[in-house]
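These numbers were taken from a predicted model, which means no experiment stands behind them.
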Amino acid sequence: MPVHNTEIAEMLSRLAELLEIQGANPFRIRAYRKAAQTIEGLPHSVTSMLADGSDLSALPGIGEDLAAKIQEIVKTGHLSLLDQVSSQLPGQLAELAKIPTLGPKRVKILYDTLGIKDLKSLAKAARAGKIRELHGFGPKTEEKILAETDKRSGTEQRIKISTAEEFAEPILDYLKNAKGVKDAIVAGSYRRRKDTIGDLDILVTCTQAKTLMNHFVAYEEVETIVSKGHTRATVLLRSGLQVDLRVVPEESYGAALQYFTGSKAHNIAVRSLAVKKGLKINEYGVFRGETRLAGRTEKEVYAQVGLPYVEPELRENWGEVEAGLHHALPHLVTLNEIRGDLHVHSKASDGHFSIEEMALAAQGKGYNYLAICDHSQHVTIAHGLDANRLAKQIEEIDQLNGTLKGFTILKGAEVDILEDGSLDLCDDLLQRLDLTVCAIHYKFNLPRAKQTERIIRAMDHPSFSILAHPTGRMINEREPYEIDMEQIMAAALERGCCLEVNAQPVRLDLNDRHCKMAKDMGVKVVISTDAHRTTDLDFMRFGVGQARRGWLEPEDVLNTLRLKELKKLLRRASS
Ligand code: DGT
Ligand code: CA
Ligand code: CA
């Protein structure tokens, strides 16, 4: 493939940029820049000039050394010095220099003064107002940088786990259809059920690796083949999602699954256990010297380092390794143990199905109960219920319950927490409900102390049962509002209130860390789907995923209880 002049010029000016970040001799830097300009301005292609035997060093600004470098580019398509220099630069400095507002000089300053070496740390510093303080930057520049980082992080945004499922499941099916495939599984953050996913890491055991590689890259959604070897390939789908595929031998399947499930932090902790025992652990197995001790299953891999099997959701190095060594790993809650959904909507507010339809769907899932929690009046856009309409709904539910067998519809409401912390329904109606899910839907930007106080004041109300979607975050859409979660949990514990793990994939609120915090503080949670249609009831699995990531066991989750026990706990005031 002939190398174009613009490509040569691009490599040379790139080299100049990187050298500038490194603080190289300014004359050298200028020489590369000038050469780039010269090449760009040539009337003939350098490739053809060389083919004709022209002497490049005769060109203005190009000496022996540069002529050799250009020849290297034309011959190999690479410039080894450029590769070398970019590998010497930490993080993404080379990429940062491409940001128009920055350029090499500024990147160097940012790195030297604030240690900024990637997009993430750049955005963080800009948000914290640290960049404006630097000599030669100022608030305007900071603003521009922030706009740039926002734009860029937008293109490489992490996707919601639900979106990841939509892509992953069909690819798995497609791969399983290929000849010779035995196991096919998505490892990585997907298997750990993280709320967002960076890319998909698929592992396959297969007797015909070569055919499988061709099959994989021929997948109809593949837009770019980033790399393709005998046992591994990376592609980008049309959506921009990256998918890594690795074919592993069966005797290494467990070791590879363990390795590629991660997290990296967990792997590092596990590896240090192995090292203490004089073992080597990698994606091929656990070894003593050349002898493979384990590798076929994850269980035997863990056993070799002295650990019981660790559930993927726990593998974050949040204490699971220590707990495993002490036989103190939690028995995580499972989807099967969920007996009902305590936050769903009906047509009466912003849902799309009748109470009866929602109830039948829940019963069809094997649940014993379902709480209808339509919005209270304050949420006018959601057609919130006023006292009259709610009273009617209570009657309707009583009637329906008379017709259902082995299933109970609970009378609830999603009650707005008003700005002063009072509840958006009158006390006599609140008292007629089985439970309330209380939530903030406006005034998101109160100062942290005020917002915290608002919620705790609401909890003071004897009819407050569950704090719904406690932080209000919407993944990739809205930041959480400012609250002191520890204080809120302490207040909930004191008052016998509990917190919701909202299972809507865009919310997942409480998140995993907050679930762990609830566990550590002894606060009970409920996992609810906030379903607006019958199919939304299936969101439960995402909420359970976060609960499991937060170490929650069935006894920490109220909706694993039978109705009788549940009702006892919900009615804190009258008990
Ligand atoms: P993501 O894709 O950002 O949502 O997160 P992960 O956890 O899926 O990370 P990814 O795709 O970069 O790598 C998949 C797994 O491979 C990761 O969880 C652990 C393992 N892994 C990757 N790089 C390293 C490494 O440098 N050291 C170790 N010990 N493990 C690694
Ligand atoms: Ca991944
Ligand atoms: Ca990956």
Side-chain angles (χ1 to χ4, degrees), residues 161 187-197 257-258 261-270 272-273 298-299 302 305-339 342 466-467 469-471 473 475 480 484-493 497-505 507-529 539-561 566 569:
I161 179 130
S189 52
Y190 185 84
R191 184 161 179 249
R192 303 198 311 278
R193 302 312 282 166
K194 253 183 87 114
D195 51 4
T196 63
I197 305 299
L257 187 54
Q258 198 283 326
T261 296
S263 67
K264 198 170 159 182
H266 172 83
N267 286 354
I268 289 169
V270 170
S272 77
L273 289 184
E298 284 190 306
K299 197 164 176 218
Y302 278 115
V305 298
L307 287 174
Y309 177 74
V310 181
E311 297 282 358
E313 293 92 333
L314 292 177
R315 303 183 194 171
E316 296 293 344
N317 200 27
W318 290 357
E320 73 282 6
V321 171
E322 296 76 3
L325 290 173
H326 293 98
H327 306 284
L329 283 172
H331 299 282
L332 299 181
V333 62
T334 62
L335 189 56
N336 284 336
E337 288 164 308
I338 300 293
R339 290 180 189 271
L342 294 180
I466 300 160
L467 178 62
H469 43 75
T471 76
R473 71 117 172 219
I475 294 172
D484 183 334
M485 187 58 87
E486 206 170 325
Q487 221 181 317
I488 285 175
M489 286 201 184
L493 189 65
C497 303
C498 56
L499 269 61
E500 178 182 86
V501 179
N502 191 298
Q504 293 267 335
R507 289 195 183 269
L508 298 178
D509 179 14
L510 303 176
N511 67 15
D512 47 9
R513 284 197 172 271
H514 289 143
C515 286
K516 181 87 176 5
M517 191 171 175
K519 171 87 186 174
D520 293 341
M521 292 182 69
V523 176
K524 304 284 182 204
V525 307
V526 304
I527 310 174
S528 305
T529 64
F539 290 157
M540 190 60 82
R541 66 182 184 281
F542 301 118
V544 170
Q546 297 315 297
R548 288 167 63 84
R549 289 178 54 77
W551 294 50
L552 296 184
E553 300 177 272
E555 51 270 34
D556 303 312
V557 181
L558 290 192
N559 50 326
T560 61
L561 293 173
L566 173 73
L569 282 173

Point to revise | Distance under 6.0 Å and angle within 45° of ring axis: Arg541 vs Phe539 | key: no
Review point. So, are Arg192 and Asp512 salt-bridged, with charged N and O less than 4.0 Å apart?
Key: no
Check your understanding: Just how far is it from atom CG of Asp195 to atom CD1 of Ile161, taken to the nearest 0.5 Å?
Key -> 8.0 Å
**Study point:** Heavy atoms from other residues, nucleotides or ligands near NZ of Lys299 exceed 12 (cutoff 6.0 Å)
**Key:** no
Check your understanding: Any Lys/Arg nitrogen of Glu316 or Lys516 sitting under 4.0 Å from an Asp/Glu carboxylate oxygen of the other?
Key -> no
Review point. When you measure from the centre of the six-membered ring of Tyr309, is the NZ or CZ of Arg315 under 6.0 Å away and within 45° of the axis?
Key: yes
Practice item. In plain terms, say whether Arg473 and Asp509 are close enough for a salt bridge, that is, a side-chain N and a carboxylate O under 4.0 Å apart. Key: no
Exercise for review: Determine the minimum heavy-atom distance between Val526 and Cys498, stating which atoms define it.
Suggested key: CG1-SG, 3.9 Å
**Study point:** Heavy-atom pair of closest approach, residues Met485 and His514
**Key:** CG-CD2, 3.6 Å
Revision key, fill the gap. Separation between CZ (Arg339) and OG1 (Thr560), nearest 0.5 Å, reads 7.5 Å
Review point. So Leu273 and Leu307, side-chain contact (heavy atoms from CB on, under 4.5 Å) or not? Walk me through it.
Key: CA-CA 9 Å; Leu273 289 184; Leu307 287 174; 3.7 Å; yes
Check your understanding: Which heavy atom in Val305 sits nearest to a heavy atom in Val270, and how many Å separate them?
Key -> CG2-CG1, 4.1 Å
Practice item. Please indicate whether Glu555 has more than 12 foreign heavy atoms, meaning atoms of other residues, nucleotides or ligands, lying under 6.0 Å from its CD. Key: yes
Check your understanding: For the residue pair Pro308 and Leu329, what are the closest heavy atoms and their distance?
Key -> CG-CD1, 3.7 Å
Study note, to complete from the structure: Shortest non-hydrogen pair, Leu508 vs Gly543, comes out as CD2-N, 4.1 Å
**Study point:** Residue pair Met540 / Ile338: nearest heavy atoms and the distance that separates them
**Key:** CE-CG2, 3.8 Å
**Study point:** Test side-chain contact (heavy atoms from CB on, under 4.5 Å) applied to Leu558 and Val525, step by step
**Key:** CA-CA 6 Å; Leu558 290 192; Val525 307; over 6 Å; no
Practice item. Could you point out which residue of Arg193, Arg548, His331 forms a side chain to side chain donor-acceptor pair (under 3.5 Å) with Glu311? Key: Arg548
Review point. Are the side chain of Glu500 and the backbone N or O of Leu510 linked by a donor-acceptor pair below 3.5 Å?
Key: no
